[in-house]
> 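This is the structure, below, for whatever I ask next.
No hydrogens, no waters, no symmetry mates; every other heavy atom, side chains included, goes into these values. Letters A, B, ... are given to chains in the order of the sequence lines, protein chains preceding strands, and every chain is numbered from 1. Computed from a predicted structure; not experimentally measured.
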Number of protein chains: 2
Amino acid sequence: MYQPTATEENYLKTIYHLSNTGIKSVNTSSIATSMETTAASVTDMLRKLSDKEWINYEKYKGVKITRKGEKVALGIIRKHRLWEVFLTNILDFEWDEVHHMAEELEHVSSEELIKRLDTFLGHPKFDPHGDPIPDQTGKMESHDKFNLSAGEAGEKYIITGVTDHSTLFLKHLRKYGLLPGVTVSIAEIMDYDKSMLVKVNKDKFHLSLEVSKNILIKKYVSSK
Amino acid sequence: MYQPTATEENYLKTIYHLSNTGIKSVNTSSIATSMETTAASVTDMLRKLSDKEWINYEKYKGVKITRKGEKVALGIIRKHRLWEVFLTNILDFEWDEVHHMAEELEHVSSEELIKRLDTFLGHPKFDPHGDPIPDQTGKMESHDKFNLSAGEAGEKYIITGVTDHSTLFLKHLRKYGLLPGVTVSIAEIMDYDKSMLVKVNKDKFHLSLEVSKNILIKKYVSSK
DNA sequence: TACTATTTTTAGATTTGTCTAAATTTAATA
DNA sequence: TATTAAATTTAGACAAATCTAAAAATAGTA
Ligand SMILES: [Mn+2]
Ligand SMILES: [Mn+2]
Ligand SMILES: [Mn+2]
Ligand SMILES: [Mn+2]
């Protein structure tokens with residue numbers, strides 16, 4: 001139908017993400033905050049996105065993304081995450097360095113390029129942060145993820161991702177080797193502040209609730 | 001100093017190329033033709049590029065690129081050609097398919113990304129079309145290239161590049177396996193139309209002057 | 001319910017890059 | 001050299017995306 005501009009792609013991606021963050025209705029100001037722009041600019045853009053049928057928009061009533069808009073958003077998210085895999089696995093960037101570059105690369109338009117990149121990378125299912133990569137049709141894995149802060153003392157878990165994607169947080173976790181795929185056992189949970197003592201390989205760390213709240217895990221199972 | 005926009009980068013790249021195509025002074029209309037835009041638009045942009053000291057521009061007198069502007073242009077050309085190597089060598093695209101994608105990828109801004117891509121690719125000196133890749137300082141190899149049409153019957157040559165970069169021409173050459181690095185011997189040159197019979201491996205082809213004029217070669221030397 | 005605070009939209013500008021049409025300058029030629 | 005042709009620049013407009021400030025609508029609260 002229409003060919004979205006890079007800006008339109010960014011709006012749709014943001015609206016898609018906000019729609020899936022438990023936030024009831026996606027309103028103008030939440031979009032403005034996420035996009036680091038003004039509510040007035042968002043209103044302007046919402047009208048354009050609505051004209052092109054990527055969202056349903058009624059003045060003052062908030063926004064709902066359409067199936068069409070979702071398809072655009074998932075395409076961009078797919079590109080973003082595949083490029084992130086490329087940057088970490090092939091060019092050896094750290095997981096806290098790749099997001100900014102992927103923000104640019106995700107707008108390179110060739111579908112064939114991303115198809116071949118996907119093949120070259122071995123059809124990865126998750127990006128370096130543990131986020132699932134949509135396939136060409138938009139489908140992706142959704143392993144039930146829960147927070148390390150909800151884990152129990154004495155139990156063993158595998159890190160599957162993070163809820164805070166900020167460079168600061170990712171860098172912090174890297175210092176402890178707390179990356180997706182790594183096995184963590186909870187040695188002790190402090191009653192006073194809910195901080196925890198965890199074991200990773202031979203090392204023991206003390207993690208604040210602030211940190212454990214933002215780490216996603218699944219139960220450890222020895223078979224694969 | 002200033003951060004060039006993608007459009008400014010494209011203008012500078014075009015001006016740089018025109019400056020090195022033997023065309024005496026780079027004039028407004030030649031830029032307009034190359035960029036597929038109007039002379040009026042070019043005039044507007046020349047003023048901007050001049051303000052930012054990437055070109056020297058005097059009304060009605062044409063354009064000369066500055067050292068600063070050349071540095072910008074060479075940076076873009078480096079990115080363009082490295083991405084072309086990536087697309088052909090790593091993602092298995094054909095040499096006639098990569099230019100369009102590289103036109104987008106060349107504007108991805110990270111210097112560190114291109115540095116690592118260069119390392120990953122093994123610091124290639126030439127792109128898939130035989131064009132030299134500038135290094136980080138802007139230096140590049142300039143093998144003296146001459147045209148196959150100026151070759152002599154009975155002699156053996158190695159293809160080093162092309163002067164026509166159109167998809168049509170590149171596709172045509174691919175059909176015959178006439179790619180950079182391939183050895184060609186001229187069996188016969190027809191007096192009437194200067195067309196030639198060439199041998200590539202076991203195959204013999206008849207090449208029109210139109211074609212041989214656009215193929216760049218160097219003398220064959222058995223040692224390396 | 002009435003008033004106030006917050007959110008959202010509108011109005012009016014600005015920047016970047018583009019265009020067409022008209023005016024101006026330079027080049028070509030009779 | 002005078003006149004015509006071609007190239008270039010200017011003038012005025014437009015689309016995309018943004019902004020600030022003001023107006024309008026909705027939500028929160030006494
Ligand atoms: Mn990211
Ligand atoms: Mn983006
Ligand atoms: Mn190219
Ligand atoms: Mn090339």
Side-chain angles (χ1 to χ4, degrees), chain A residues 1-15 18-19 21 23-65 69 72-73 76 103-104 106-107 109, chain B residues 1-15 18-19 21 23-65 69 72-73 76 103-104 106-107 109:
Chain A
M1 218 70 54
Y2 294 101
Q3 198 64 34
T5 65
T7 310
E8 288 169 337
E9 289 178 342
N10 284 334
Y11 270 94
L12 288 171
K13 194 176 53 155
T14 296
I15 293 167
L18 289 173
S19 303
T21 318
I23 291 170
K24 47 259 120 187
S25 91
V26 182
N27 55 346
T28 304
S29 58
S30 63
I31 298 169
T33 305
S34 290
M35 302 274 306
E36 297 186 303
T37 186
T38 62
S41 300
V42 173
T43 303
D44 287 343
M45 182 55 79
L46 292 184
R47 219 180 311 274
K48 285 179 212 167
L49 297 178
S50 183
D51 287 347
K52 292 173 180 169
E53 298 184 318
W54 288 317
I55 59 170
N56 288 317
Y57 167 61
E58 276 183 282
K59 286 203 299 187
Y60 296 104
K61 301 288 178 192
V63 168
K64 207 173 157 353
I65 197 161
V72 174
I76 299 304
E103 285 290 301
E104 290 188 58
E106 72 187 10
H107 302 292
S109 60
Chain B
M1 216 70 53
Y2 295 100
Q3 197 65 33
T5 64
T7 310
E8 288 170 336
E9 289 178 341
N10 284 333
Y11 270 95
L12 288 170
K13 194 177 53 156
T14 296
I15 293 167
L18 289 173
S19 303
T21 318
I23 290 171
K24 46 259 120 186
S25 91
V26 182
N27 56 346
T28 304
S29 59
S30 63
I31 298 169
T33 304
S34 289
M35 302 275 305
E36 298 186 302
T37 186
T38 63
S41 299
V42 173
T43 302
D44 288 342
M45 181 55 80
L46 293 184
R47 203 162 290 115
K48 284 179 211 166
L49 297 177
S50 184
D51 288 347
K52 292 174 181 169
E53 297 184 321
W54 288 318
I55 59 170
N56 288 317
Y57 167 60
E58 277 184 280
K59 286 201 300 187
Y60 297 103
K61 301 288 178 194
V63 168
K64 208 175 156 352
I65 197 161
V72 175
I76 300 303
E103 285 291 302
E104 289 187 58
E106 70 187 10
H107 301 292
S109 60

> C:dT10, OP1 or OP2 - any side-chain N/O from A:Tyr60 closer than 4.0 Å?
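A:Tyr60 to C:dT10 OP1/OP2: no side-chain N or O under 4.0 Å.
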> Quick one: B:Tyr11 OH to C:dT16 P, roughly how many Å, whole number?
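The answer, rounded to whole Å, is 14 Å.
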> Looking at B:Leu12 and B:Ile65, what are the two nearest heavy atoms and their distance?
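Heavy atoms of B:Leu12 and B:Ile65 come nearest at O-CD1, 3.9 Å.
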> Sequence neighbours left out, what passes side-chain contact (heavy atoms from CB on, under 4.5 Å) with B:Ser34? Give chain and number order.
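With sequence neighbours excluded, B:Ser34 shows a side-chain contact (heavy atoms from CB on, under 4.5 Å) to B:Thr14, B:Leu18, given in chain and number order.
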> On DNA chain D, which is the earliest and which the latest nucleotide, 5' to 3', with an atom closer than 4.0 Å to a heavy atom of chain A?
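Range of nucleotides within reach of chain A: D:dA16 to D:dT26.
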> On the nucleotide C:dT10, are OP1 or OP2 found under 4.0 Å from the side-chain N or O atoms that A:Lys59 carries?
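The answer is yes; a side-chain N or O of A:Lys59 sits under 4.0 Å from OP1 or OP2.
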> What pairs with A:Thr38 under side-chain hydrogen bond (donor to acceptor under 3.5 Å, both in side chains), at least two apart in sequence or on another chain?
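Once residues adjacent in sequence are excluded, the partners of A:Thr38 under the side-chain hydrogen bond (donor to acceptor under 3.5 Å, both in side chains) criterion are A:Ser41.
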> Which heavy-atom pair separates A:Glu103 from A:Asn10 by the least distance, and what is that distance?
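Closest approach of A:Glu103 to A:Asn10: OE1-OD1, 4.5 Å.
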> Whole angstrom is fine here: how far is it from CG in A:Asn27 over to P in C:dT8?
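To the nearest whole Å, that distance equals 5 Å.
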> Name all residues meeting the side-chain contact (heavy atoms from CB on, under 4.5 Å) criterion together with A:Ser29; count only those two or more places apart in sequence or in a different chain, and write none if there are none.
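Scan of A:Ser29 (side-chain contact (heavy atoms from CB on, under 4.5 Å), adjacent residues dropped) gives A:Asn27.
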> Report yes if some heavy atom in the side chain of A:Val42 is under 4.5 Å from a heavy atom in the side chain of A:Met35; otherwise report no.
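No, every pair of side-chain atoms sits at 4.5 Å or beyond.
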> Under a 4.0 Å heavy-atom cut-off, which of residues 31-44 of chain A touch DNA chain D?
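Within this stretch, A:Thr37, A:Thr38, A:Ala40, A:Ser41, A:Asp44 sit under 4.0 Å of the strand.
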> Can you name the nearest heavy-atom pair linking B:Trp54 to B:Gln3, along with the distance?
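The answer is CH2-C, 4.4 Å.
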> If a pair satisfies salt bridge (Lys or Arg N to Asp or Glu O under 4.0 Å) and one of its residues is in residues 53-64 of chain A, list it, with sequence neighbours excluded.
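Qualifying pairs: A:Glu53-A:Lys68.
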> Under the rule for side-chain contact (heavy atoms from CB on, under 4.5 Å), what residues qualify as partners of B:Ser50, not counting sequence neighbours?
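By the side-chain contact (heavy atoms from CB on, under 4.5 Å) rule, B:Ser50 matches B:Ile55, B:Tyr57.
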> Just jot down the side-chain hydrogen bond (donor to acceptor under 3.5 Å, both in side chains) partners of B:Lys52, sequence neighbours excluded, or say none.
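B:Lys52 satisfies side-chain hydrogen bond (donor to acceptor under 3.5 Å, both in side chains) with B:Glu8 once adjacent residues are dropped.
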> Scan residues 45-57 of chain B against DNA chain D and write down, sorted by residue number, each residue with any heavy atom closer than 4.0 Å; if none is found, say none.
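Going residue by residue through residues 45-57 of chain B, the ones with a heavy atom under 4.0 Å of DNA chain D turn out to be B:Arg47, B:Tyr57.
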> Please list, chain by chain and in numerical order, all residues satisfying side-chain hydrogen bond (donor to acceptor under 3.5 Å, both in side chains) with B:Glu106, sequence neighbours excluded.
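Per chain and number, B:Glu106 pairs via side-chain hydrogen bond (donor to acceptor under 3.5 Å, both in side chains) with B:Lys13, B:His80.
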> Which pair of heavy atoms, one from B:Val26 and one from B:Ile15, lies closest together, and at what distance?
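Here B:Val26 and B:Ile15 meet closest at CG2-O, 4.2 Å.
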> Which angle, rounded to 10°, do you find between the first-five-pair axis and the last-five-pair axis of the helix from C:dT1-D:dA30 to C:dA30-D:dT1?
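Roughly 10°, once rounded to the nearest ten degrees.
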> Can you name the side-chain hydrogen bond (donor to acceptor under 3.5 Å, both in side chains) partners of A:Ser109, sequence neighbours left out?
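side-chain hydrogen bond (donor to acceptor under 3.5 Å, both in side chains) check on A:Ser109 returns B:Glu104.
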> Assign each of B:Thr7 and A:Thr28 to its nearest nucleotide of DNA chain C by heavy atoms, then name whichever residue's nucleotide is nearer the 5' end.
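Per heavy-atom nearest nucleotide, the more 5' residue is A:Thr28.
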